[in-house]
Amino acid sequence: MRIAVDAERCIGAGMCALTAPEVFDQDADDGHVLLLRAEPPTAARAAARMAAGVCPSGAITLSEPEPGSS
Amino acid sequence: MGESPHAVATLPTARQPGCPFDPPAELTDARRHGPISRYTFPGGKPGWLITGFDLVRSVLADPRFSSRKELMRHHPTIDYGDIEVPPAPPGEFLLMDEPLHSRYRKPLMGKFTVRRMRLLTERVEQITAGHLDAMEKAGPPADLVTAFAKPIPAIMICELLGVPYEDRGSFQEQVEMFMNGETSDEDLIAAYTATQDYLAELVAAKRANPTDDVLSDLTDTDLTDEELKGIALILLAAGLDTTANMLALGTFALLRNPEQPAALRADPALADAAVEELLRYLSVAKTFMRTALEDAEVGGQIIEAGSPVILSFNTANRDPERFADPHVLDLRRQNGGHLAFGHGVHQCLGQQLARVEMRVAFPALFGRFPTLRLAVPPEAVALRPETADVHGVKSLPVTWDA
Ligand code: HEM
Ligand code: SF4
């Protein structure tokens with residue numbers, strides 16, 4: 001799984017940092033999403049998926065790698 | 001598409017007797033017919049009422065639906081005739097669209113992050129313990145609203161913003177006047193003017209002598225005094241009333257479901273899930289409105305440009321297609337996202353503060369008074385009318401074994 005974030009869309013609600021703290025944080029000054037791990041370990045993937053689902057601004061996108069690549 | 005939708009004739013002004021936590025029966029009934037209903041506003045303007053979880057969520061995320069105040073010319077229950085509504089005053093970004101909304105929200109985002117709010121945990125604990133001590137010392141009975149639910153969020157938001165301690169009491173009374181849904185128009189205007197005047201002075205004071213708080217920090221940006229006043233007003237209004245109602249109504253709900261606080265006492269790790277479930281179950285910020293900027297298809301219906309749309313958050317948070325047994329309060333539920341703080345670009349800015357406050361306050365209250373119970377029959381607890389923007393109890397008489 002690969003994650004991308006769009007800080008421009010982010011409205012700093014913090015749902016990501018609350019839901020998947022291993023994967024997301026917020027910038028201490030401006031509150032924007034910070035992506036800690038673009039390719040989260042297996043254990044953190046469910047939470048990352050959940051965070052993308054609850055993000056109110058659609059700032060988090062997930063992609064699955066092409067079959068064959070890793 | 002084109003199937004003729006269910007129509008709701010009038011919006012309820014009260015809840016079913018004996019069901020203080022459930023959305024009014026008319027709204028639950030509307031949702032049963034489908035997630036979107038026709039609603040004709042008083043005065044005859046055709047509009048819509050959305051009660052289903054998925055549709056409410058999608059409208060909140062859809063830029064074709066505006067929050068702009070000047071477009072909201074139709075009140076859901078009162079016919080004001082054909083009035084012109086002025087745009088939101090500078091800084092009051094709850095009722096603005098992009099790009100103006102971002103001008104105000106962006107500089108605030110960094111002040112309300114998960115991390116910053118968690119750093120306030122200890123301060124919330126101190127304040128909570130102080131109020132519980134005072135309740136214990138005074139002895140039972142007590143009104144939980146004045147002794148506990150109101151002061152904790154009020155102190156927190158005032159400290160964050162930088163409202164001096166000695167001004168807090170009178171200020172809170174004024175804000176209460178325009179939130180309780182029962183104030184006469186005359187008193188409303190007086191309370192609003194007094195609050196405006198107070199905040200104008202406060203902003204001027206922060207500009208002259210900056211202190212360590214959000215309002216002082218904002219004097220460092222390009223925001224004008226007028227804009228700062230508006231920002232302060234919505235932060236205070238939103239921060240004072242909502243969490244206070246969650247704490248009081250939440251305590252009421254827990255006392256009516258005693259196995260739930262017992263579970264929380266037995267398993268403190270339940271606290272985070274408990275807060276989310278109380279948010280979902282109570283949905284105190286119960287309805288918000290939007291206006292369609294262009295014709296938009298929603299749930300198989302065409303919402304015509306200019307139509308007012310009522311979004312029923314509390315009904316959506318009881319949608320059986322989203323939540324199993326939606327009318328059951330179950331602190332163990334993994335509810336996987338609710339709409340109590342809204343969704344989309346206006347999603348609650350203060351939600352992480354509210355979470356920290358509730359996360360501390362509920363367990364502390366039930367931990368300190370294991371025998372806490374209502375001091376009056378449940379039917380005697382007075383509720384706010386449905387015309388209030390935020391649902392809650394007017395007072396909550398409680399007692400305990402001293
Ligand atoms: C449990 C308590 C709370 C609830 C249930 C709640 C609920 C909400 C909801 C539903 C919205 C979205 C309105 C819309 O979409 O039109 C909102 C917005 C907002 N809330 Fe809260 N809120 C709570 C606590 C707070 C606190 C403590 C603050 C103080 C900092 C706050 C500040 C705001 C602000 C500034 C907005 C406007 C955000 C925007 O328009 O971008 N809220 N709140
Ligand atoms: S949940 Fe979305 S909007 Fe909120 S901070 Fe994270 S990325 Fe930004």
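First the proteins, then the strands, lettered A, B, ... as listed; each starts at 1. Any value given below was found using the heavy atoms of this structure, including those in side chains, with hydrogens, waters and symmetry copies removed.
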Task: Ala28(A) portion near chain B, given a 4.5 angstrom heavy-atom threshold - done: backbone
Task: Contacts with chain A made by residues 100-107 of chain B (heavy-atom distance under 4.5 Å), listed by residue number - done: Arg105(B), Lys106(B)
Task: Whether over 12 other heavy atoms sit under 6.0 Å from Glu321(B) CD - done: no
TODO: Determine which residues belonging to residues 339-361 of chain B lie within contact range of chain A, meaning some heavy atom pair is under 4.5 Å apart, and list them by number or answer 'none'.
DONE: His343(B), Gly344(B), Val345(B), Gln347(B), Gln351(B), Gln352(B), Arg355(B)
Open item on the list: Shorter than 4.5 Å, heavy atoms on both sides: which option in Val114(B), Leu108(B), Leu60(B) has the most such pairs with chain A?
Closed with: Val114(B)
Task: Arg57(B) to Val54(A) - nearest heavy-atom pair and separation - done: NH2-CA, 3.9 Å
Open item on the list: Around atom CE of Met1(A), are there more than 12 heavy atoms from other residues, nucleotides or ligands closer than 6.0 Å?
Closed with: yes
Task: Backbone of Arg115(B) reached by a side-chain donor or acceptor of Gln26(A) within 3.5 Å - done: no
Open item on the list: So, taking the atom named CG in Leu18(A) and the one named CD in Glu276(B), what distance separates them when rounded to the nearest 0.5 Å?
Closed with: 6.5 Å
Open item on the list: Within this structure, what is the NZ-CG distance for the pair Lys111(B) and Asp30(A), rounded to the nearest 0.5 Å?
Closed with: 10.0 Å
